[in-house]
Each structure stands twice: as C-alpha cells, then as structure tokens.
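Structure first, then comments.
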Amino acid sequence: MPYTYEQYRESADFIAGRFGCRPESMPSVAIVLGSGLGGLTEGLEESSALDYGAIPYFPQATALSHAGRLFCGRLGGARVFVFSGRFHCYEGLEPEQAAYYVRVLKLLGVKALLLTNAAGCINTDFGQGSLMLMKDHICLSPVSPCRGANDERFGARFFDMTRAYSPALRQTAARCAERAGITLHEGVYAFMGGPQYETPAEIRALRLLGADAVGMSTVPEVIEAAHCGIEAMCVSCLSNLAAGITDKPLSSDEVVQTAAQAAAKMSRLLTLVAGEAAQAVVCGKLA
Ligand code: HPA
C-alpha cells in the first residue's frame with residue numbers, strides 16, 4: 001500500500017491543527033471545485049486557507065486553473081472544507097494519490113462530499129453551459145484507488161457502488177436547484193484518462209454505452225468515498241460539446257471560460273446544498 005494509515009492520520013491532524021478545528025467546530029461537509037469553478041471561495045465567511053504543498057503527503061495540483069489551496073470556513077450557514085483544485089491521474093498520479101484527500105476527510109469526520117467538475121456534453125438535450133447532477137458513472141479504466149492491500153479501517157475489500165452517488169444528497173441537490181430556479185439535469189458520466197480529449201468515435205461509443213457526459217476526474221474520489229463510507233455527489237458543468245458533435249476542435253480555454261460563466265449558478269447551488277447537507281448530518285439523516 002503506497003500510504004500508511006499513520007500518514008493519512010498525520011495529514012488529518014495537521015489540517016485540524018492548522019485550522020484550529022475542535023470537535024464541535026469540525027466541518028461535516030467538504031466541497032471540491034473543478035476546472036474554472038474556483039470562484040466559490042469568495043463567498044466563504046470566516047475562512048482561512050492552506051496551500052496543498054504545506055500539508056504532509058498531499059500531492060500537488062498542477063492542472064490548469066486549479067489553485068491548490070484548502071479552505072476552511074462557513075458557507076450557507078455550514079462549516080465546510082473547500083478544496084480549490086483537485087488531482088487527476090493524467091497529471092501522472094496514481095489513483096490512490098488522486099483520492100488521497102478522501103481518506104483524510106474520513107479521518108477528519110467529514111460525512112458529505114460535494115464534488116464539481118467540468119465535463120464534455122454528450123447528451124445534446126442538455127447543452128453547453130448547463131449543469132448535470134451525476135447519477136452514476138461508467139469507468140472503463142483501471143483507476144480504482146482501492147487496488148492493492150486493503151486497510152479494513154477504511155472499508156471492506158469488496159464494496160457496493162449502487163449508492164455511490166448518494167440518493168439523499170441527490171434529492172437535496174434537486175430540491176435546492178428547483179428552489180434557486182437553476183436547471184439541473186441528471187445523467188451518467190464516463191471517465192476517460194486524458195489528457196487528450198476523446199476522439200469522435202470514442203464519444204459515439206460512450207453515447208451508445210449510456211453516457212451523457214465525459215470527463216477526466218471525480219471517479220477515483222467517488223470510489224474511495226464509497227469505500228470509506230462518505231456520502232458523495234457531483235455536479236458537472238457541461239463546459240463544451242463533446243468531440244465530433246460539432247466541427248470545432250476542443251480546447252481547454254473553452255472549458256475554463258464556460259465553467260467560469262457557470263460558476264455563479266454552481267456556487268449558488270452548492271451553497272444551498274452545503275447548508276442542507278450539514279443540517280441533515282446534525283439531524284442524523286446522513287451517515
Ligand atoms: N472530455 C474530457 N474531459 C473534459 C471535457 C471533454 O470534452 N470537457 C471538460 N473536461
């Protein structure tokens with residue numbers, strides 16, 4: 001196993017110590033901001049931040065428009081951790097490195113993980129710039145962070161994925177979107193390793209398999225959350241039409257620009273969901 005339990009513990013203790021979190025002020029909700037979606041941190045109150053580089057054993061976020069900072073503060077009335085920038089396997093990381101922070105969150109006592117990402121739109125009924133709540137994923141690459149020796153302190157060797165996208169959090173997200181007047185589609189995300197975008201033939205194949213969107217992140221973390229028992233959900237910003245749908249070549253500039261345009265509605269939605277999720281934890285309605 002590339003990381004020991006003690007290393008995860010050391011990272012967790014470091015984060016709790018630096019943010020001065022006592023058990024009663026420990027966030028129960030964590031948010032991860034994908035490409036171009038970093039703006040949410042401006043809405044945080046009473047916040048402080050740490051560079052990923054300062055946290056023992058944390059990988060570095062090298063991806064474009066990923067700040068690489070962990071915030072702790074208040075959002076929608078809830079105490080939250082916010083990861084501005086995440087880790088991708090295309091950066092050369094192993095899946096267990098990309099999902100390292102999820103086990104650290106488990107040790108910190110986090111119960112709900114609200115993920116975001118930018119994704120290519122395969123289902124043209126949805127459209128560029130819209131938001132899609134992930135109801136499931138298709139992963140044809142060997143990116144499980146749980147390969148290798150299993151540590152039972154985190155979870156079982158074999159584990160269920162049918163509720164990996166938490167039904168309770170998805171219901172909450174749908175309710176919050178409706179209340180905020182934000183259209184939120186629901187669909188299936190296909191994981192592709194990148195860093196190259198897909199070929200048109202790959203997109204046609206993924207559509208036949210039932211995918212509505214495609215991206216290069218999120219899945220390792222959701223697998224680890226299912227393993228260690230954190231409720232997870234993800235909202236994708238459909239930043240571009242997937243390869244071959246139009247003649248236009250795909251570019252990361254378009255991805256980041258469209259995500260930035262959608263960032264305000266994403267932030268409004270996540271602020272509402274964070275508040276409700278934290279309340280559900282208090283009421284014992286979330287794991
Ligand atoms: N493909 C893969 N990943 C992506 C895309 C895409 O079209 N857009 C944003 N992330």
Side-chain angles (χ1 to χ4, degrees), residues 31-40 61-68 83-93 95 98-99 114-143 165 184-223 233-267 269-270:
I31 296 172
V32 178
L33 303 175
S35 302
L37 299 166
L40 177 131
T62 66
L64 197 76
S65 78
H66 286 253
F83 292 84
S84 184
R86 65 138 64 75
F87 313 104
H88 308 82
C89 296
Y90 69 71
E91 294 171 87
L93 300 175
L114 316 182
L115 297 148
T116 63
N117 62 36
C121 178
I122 296 179
N123 184 338
T124 49
D125 289 345
F126 295 172
Q128 186 174 13
S130 61
L131 301 184
M132 184 193 90
L133 183 61
M134 284 171 67
K135 66 176 177 195
D136 207 343
H137 73 231
I138 296 171
C139 179
L140 304 173
S141 323
V143 291
Y165 295 88
L184 185 61
H185 304 289
E186 253 208 332
V188 173
Y189 174 98
F191 176 90
M192 294 292 272
Q196 74 286 358
Y197 292 116
E198 298 69 37
T199 64
E202 285 169 338
I203 294 300
R204 287 195 299 274
L206 292 173
R207 181 182 292 121
L208 282 176
L209 291 177
D212 298 292
V214 59
M216 307 173 193
S217 69
T218 305
V219 164
E221 296 119 284
V222 170
I223 295 173
M233 59 153 248
C234 181
V235 181
S236 298
C237 168
L238 303 180
S239 54
N240 56 284
L241 295 177
I245 294 180
T246 70
D247 287 341
K248 206 164 62 155
L250 268 55
S251 85
S252 59
D253 287 348
E254 183 185 10
V255 168
V256 172
Q257 258 173 34
T258 311
Q261 282 161 13
K265 68 178 166 183
M266 183 72 100
S267 296
L269 177 59
L270 284 178

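Order of listing sets the numbers, starting from 1, for every ligand and every atom in it. Small disclaimer: the values here were computed from a predicted structure and weren't measured.
The closest side-chain heavy-atom distance from Thr258 to Asn240 is not below 4.5 Å. Contact of the Met192 side chain with the Ile203 side chain is not registered, since no non-hydrogen atoms from C-beta on lie closer than 4.5 Å. Using a 4.5 Å heavy-atom threshold, the side chains of Ser236 and Met132 count as touching.
Protein residues are said to neighbour a ligand when one of their heavy atoms lies under 4.0 Å from it; for ligand 1 these are Ala118, Ala119, Gly120, Tyr197, Glu198, Val214, Gly215, Met216, Ser239, Asn240, Leu250, Val255.
Classification of the His137-Tyr165 ring pair by plane angle, with boundaries at 30° and 60°, yields perpendicular.
Taken to the nearest 0.5 Å, the SG atom of Cys237 stands 6.0 Å off from the CG atom of Leu131.
With hydrogens and angles ignored, the 3.5 Å screen pairs a side-chain donor or acceptor of Thr116 with a backbone N or O of Val32.
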